Amino acid sequence: ERKREGLAAGSPIQPIIKEAGEIYSRLLDHRPVIQGEIRYFVKEFEEKRGLRELRVLENLKNTISETSEHVLPKCEQAMHNNLNEAVKRLQAANNMMHRLQEKEHEERKRQADKLMALEERRVAHCEELIKEQQNRQAEVDEEHRKAVERLKEQYSEMEKGLAKYVSF
């Protein structure tokens, strides 16, 4: 455009060129309009976005302050109360379990003592039975020995009696 202006500076064509340039700018050169629209869009976008972000940040601030001032202390108190209650219940359950274990241990000891006493009685009874069997065996052996001696005497007398008849 400057070259054209330099060439046509002294000529009567200059006003025509200037008007053609203006017409061209109005009809075909949309840069100023587009730039204006872009500036308007950016301005609107930033304002709306800024307000929206400001509202979001304000809501977050309110939520955080409400949470830290009201909800958190309530939660801490509830947790403290519930944990204390849970600890008390666990301690009570633990004590009950210890008592049950002690009772079970005592019962097992009692059962073991009973079994030991029964085993001792059984062993004593077995020893008594063995002694009794040995005594009976000794008695039976003595009776057998006496019966054998009687039979020997009887057979020897029978032999003597037979010996009398053999001499005939």
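Nothing here was measured: the structure is a model prediction, and the numbers come from that model.
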Looking at [Y] and [X], is any side-chain nitrogen of the basic one under 4.0 Å from a carboxylate oxygen of the acidic one?
X    : Y    : answer
E127 : K131 : no
E143 : K146 : no
E85  : R89  : yes

Original post:
Between E119 and R122, does a salt bridge (charged side-chain N to carboxylate O under 4.0 Å, His left out) hold up when you go through it step by step?
Top reply: CA-CA 5 Å; E119 183 67 20; R122 187 187 64 76; 2.4 Å; yes
Subject >> Residue pair P73 / S68: nearest heavy atoms and the distance that separates them >> reply: CD-O, 3.5 Å
Original post:
Which heavy atom in T63 sits nearest to a heavy atom in T67, and how many Å separate them?
Top reply: O-OG1, 2.7 Å
**OP:** Under the side chain to side chain contact (heavy atoms under 4.5 Å, CB included) rule, what do E120 and M116 come out as? Steps first, then yes or no, please.
**Re:** CA-CA 6 Å; E120 288 174 359; M116 198 63 127; 4.0 Å; yes
Subject >> Derivation of the side chain to side chain contact (heavy atoms under 4.5 Å, CB included) call for Q154 and E157 >> reply: CA-CA 5 Å; Q154 186 180 1; E157 285 180 24; 5.8 Å; no
How long is the span from the [atom1] atom in [X] to the [atom2] atom in [Y], to the nearest 0.5 Å?
X    : Y    : atom1 : atom2 : answer
L83  : K88  : CG    : NZ    : 12.0 Å
L151 : H144 : CG    : NE2   : 8.5 Å
D141 : Q134 : CG    : CD    : 11.5 Å
L162 : K160 : CG    : NZ    : 12.5 Å
R136 : L129 : CZ    : CG    : 8.5 Å
N62  : L57  : CG    : CG    : 11.0 Å

**OP:** Identify the residue among E106, E104, Q111, H105 that makes a side-chain hydrogen bond (donor to acceptor under 3.5 Å, both in side chains) with R108.
**Re:** E104
Subject >> Minimum side-chain heavy-atom gap Q101-H98 below 4.5 Å >> reply: yes
Original post:
Between E153 and R150, does a salt bridge (charged side-chain N to carboxylate O under 4.0 Å, His left out) hold up when you go through it step by step?
Top reply: CA-CA 5 Å; E153 287 177 17; R150 274 186 297 196; over 6 Å; no
**OP:** Show the numbers, then the answer: is there a salt bridge (charged side-chain N to carboxylate O under 4.0 Å, His left out) between E149 and R145?
**Re:** CA-CA 6 Å; E149 282 185 26; R145 188 185 57 75; 2.7 Å; yes
Original post:
After noting the C-alpha distance and the side-chain angles of E22 and K18, does the key distance pass the side chain to side chain contact (heavy atoms under 4.5 Å, CB included) rule?
Top reply: CA-CA 6 Å; E22 286 178 16; K18 191 175 183 180; 4.1 Å; yes
